[in-house]
Amino acid sequence: MNLITYGEASDFSGVELTELGRFITDLTAGEEPSLLGTMVQTTAGLKPLGSVLKGLRQRVLRMVAEAGSGHLGASLSVIDVLTVLYFVRMRHDPSNPDWEGRDRLVLSKGHAAPALYAVLAEAGYFPPGELNSLRKLGGLLQGHPENTIPGVDASTGSLGQGLSIAVGMALAAKMDEATHKVYAIIGDGELNEGQIWEAALTAGHHGLDNLVAVVDRNQFQLTGRTEETKALEPIGEKWRSFGWEVIEADGNDPSSILDALDVCALTEGKPSVIIASTTKGKGVSFMEGNKFSKAVPDASELARALAELA
Amino acid sequence: MEQSSQLESFGRALVELGREREDIVVLDPDVASSTKTTYFAESFPSRFVRVGISEQDMLGIASGLAAAGKTPIAVGFAMFIIGRGWEQIANSIARQRLDAKIVGTHAGLSPHADGESHQMYGDVALMRTIPNMRVVVPGDAPSAVEALRAALEYRGPVYIRLMRGSTPTIYGEDIEFEMGRANVLREGSDATVIANGIMLSRALTAAEKLIGEGIDVRVIDMHTVKPLDTGAIEKTAKETGAIVTAEEHSIIGGLGSAVAETLAETAPTPMERIGIRDRFGESSRSYPELLAHVGLTPEAIAEAVHRVIERR
Ligand SMILES: Cc1ncc(C[n+]2csc(CCOP(=O)(O)OP(=O)(O)O)c2C)c(N)n1
């Protein structure tokens, strides 16, 4: 069984990363079909990634049920991407959230805050007990990410703005000749916003190879299917023509996500975007699709959902 | 007071009006399920434009539709359509004197749980500075419907500000509503509270409280912030000699500012302002709890009345 702790992956230079990629593939090919058996460092010690993910999904469900509002579907669709980033790929230090050399992450689709908060708590940025006070007056965990929360690199919640913020961070890293990476997580509906494409042009123009965008391609936005609202396809071609390296991945499969991130790490001279195919509400059969986009589970739905994830 | 939802009433009224007038086109930036324009969409799918999460695009499209003779109604969260779309509203709509209506929902602190990214309390100020623009802040569900009717009878750009959720119902069937004309909801001679939006019902509650303390307060619904009913302000200033404004908006640039500007120029009068005092919002699981947290309560209004009377 292989073991990954924070930052190992991005500590390697380009060539070594290839080797690391192979190392992971070799280890997982024989025994495990995916990364799910990999032990990762959590605030409660080493745990297999698969059980971390189940636990995080349960947390998110409890948080939204307790708060009485929140975007459950959007949180469950993106949680695998966030988990692989924070527990396998990103170079960061929960005991030192302001460490200058850390990789940054901008959750541009800020309404998935419950997922980000659950991940940050599991990594050790703040006590998991805080999760119970989501959206509570005076609580640490606001409805949308705030940079006052340990581990949150940018305040978001207004869609369309996060990629520009990430571009600014990536430009600053280039100016400082720093080696950290910047990740931006964008909703597919969020691609409706013009500012995303302004930022995409800027990043392409500057060849920001320290920037990785992940599009959470769950096919839905608030009021319905993306393709029935304002057709996005072919998404990959759009980004490619803006000067980006485009990688397709299964955004609910940790191995596929990590493979895609490996390609990003090797890409030079241009920014990368991962089009991560996901399912809204992933992990709870009756929440998959758009039904629980903004709905809050009642007590019996919560119990059924938790049972599915047990 | 009974409760009702401004957005529910507004959404139903849109359908009625859509039946009366074929020129009405409704635009949605992917929030129809929250703003209740879904009812219009179901009734008139061909006159409903789903622009996706593209507020600026939506306001530009509204401009083009208006230029082509349609009457567009662009409905979205106040933070995103007024904040992000201010310049499109100024340059593409108001500057051309186009007949487009803009409805900002989830205004003030009413998206209480979402937190500061969604809480908009600068929209009245932003809209007020645009020439040709009218600005209406209805205090309950019946007046929201009347505001919509009045806006459609008027030719030119209008901003209507609405709240999310259920709020106290103030007006009955006999409601009289004219854009630009204030309504006196309660007579009184010791001081005047001029309010709108959610603070209107809170002003009425404050007035009830004050009666017990021997203070007889007049309450005015200043639903239209622009054009402002300056005549009503001057009159009540002369008659009561003390003014308190109450709004769910920044004290910078909203109703309080507009009233102060009028008083300073024509009838200097002691005045106190209740509003959001230059701070960001935050999340709360309860709307009343959040209003209380930032000092938007009947008690705060009553205290301001005491203060202003002492200064008279
Ligand atoms: C600028 C802006 N407009 C509207 C909203 C309201 N809103 C919250 S989530 C959402 C849908 C987002 O869809 P998508 O990006 O596909 O993310 P998903 O929820 O599907 O993961 C909308 C319109 C917002 N937060 N910001």
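Residues A:Glu193 and B:Ser54 approach most closely at OE1-CA, 4.2 Å, considering heavy atoms.
Taking 4.5 Å as the limit, every side-chain heavy atom of B:Ser117 sits out of range of all side-chain heavy atoms of A:Glu146.
A:Leu159 CG to B:Glu55 CD: the interatomic distance, rounded to the nearest 0.5 Å, is 8.0 Å. Put simply, CG on A:Leu222 and CD1 on B:Ile53 are 7.5 Å apart, with the number rounded to the nearest 0.5 Å.
If you tally non-hydrogen atom pairs under 4.5 Å between each of B:Gln56, B:His112, B:Met79, B:Glu282 and chain A, the highest count goes to B:Glu282. The choice from A:Ser69, A:Ser155, A:Gly189 that makes the most heavy-atom pairs within less than 4.5 Å of chain B is A:Gly189. Taking chain B as the reference chain and counting heavy-atom pairs below 4.5 Å, the highest number among A:Gly138, A:Ala67, A:Gly68, A:Gly160 is found for A:Ala67.
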- Message: Set out, in order, the CA-CA distance, both residues' side-chain angles and the distance that settles side-chain hydrogen bond (donor to acceptor under 3.5 Å, both in side chains) for A:Arg135 and B:Ser283, then state yes or no.
- Response: CA-CA 5 Å; A:Arg135 297 185 161 214; B:Ser283 285; 5.5 Å; no
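Here A:Glu228 does not pair with B:Arg50 in a salt bridge; the nearest charged N to carboxylate O distance is not below 4.0 Å. Remark: B:Glu289 does not engage A:Lys136 in a salt bridge, criterion side-chain N to carboxylate O under 4.0 Å.
Remark: the A:Thr223 side chain and the B:Asp30 side chain contain an N/O donor-acceptor pair separated by less than 3.5 Å. Side chains of A:Ser158 and B:Arg84: a donor on one and an acceptor on the other come within 3.5 Å.
The environment of CD in B:Glu2 is sparse: at most 12 heavy-atom neighbours from other residues, nucleotides or ligands sit within 6.0 Å. No more than 12 heavy-atom neighbours from other residues, nucleotides or ligands sit within 6.0 angstrom of CZ on B:Phe280.
With B:His293 contributing its side chain and A:Leu137 its backbone, the two residues share no donor-acceptor pair below 3.5 Å. The closest donor-acceptor contact from the side chain of A:Lys230 to the backbone of B:Val51 lies under 3.5 Å.
Only the backbone of A:Thr156 comes within contact range of chain B, judged by heavy atoms closer than 4.5 Å. If you measure heavy-atom distances from B:Ser286 to chain A, you find no contacts under 4.5 Å at all.
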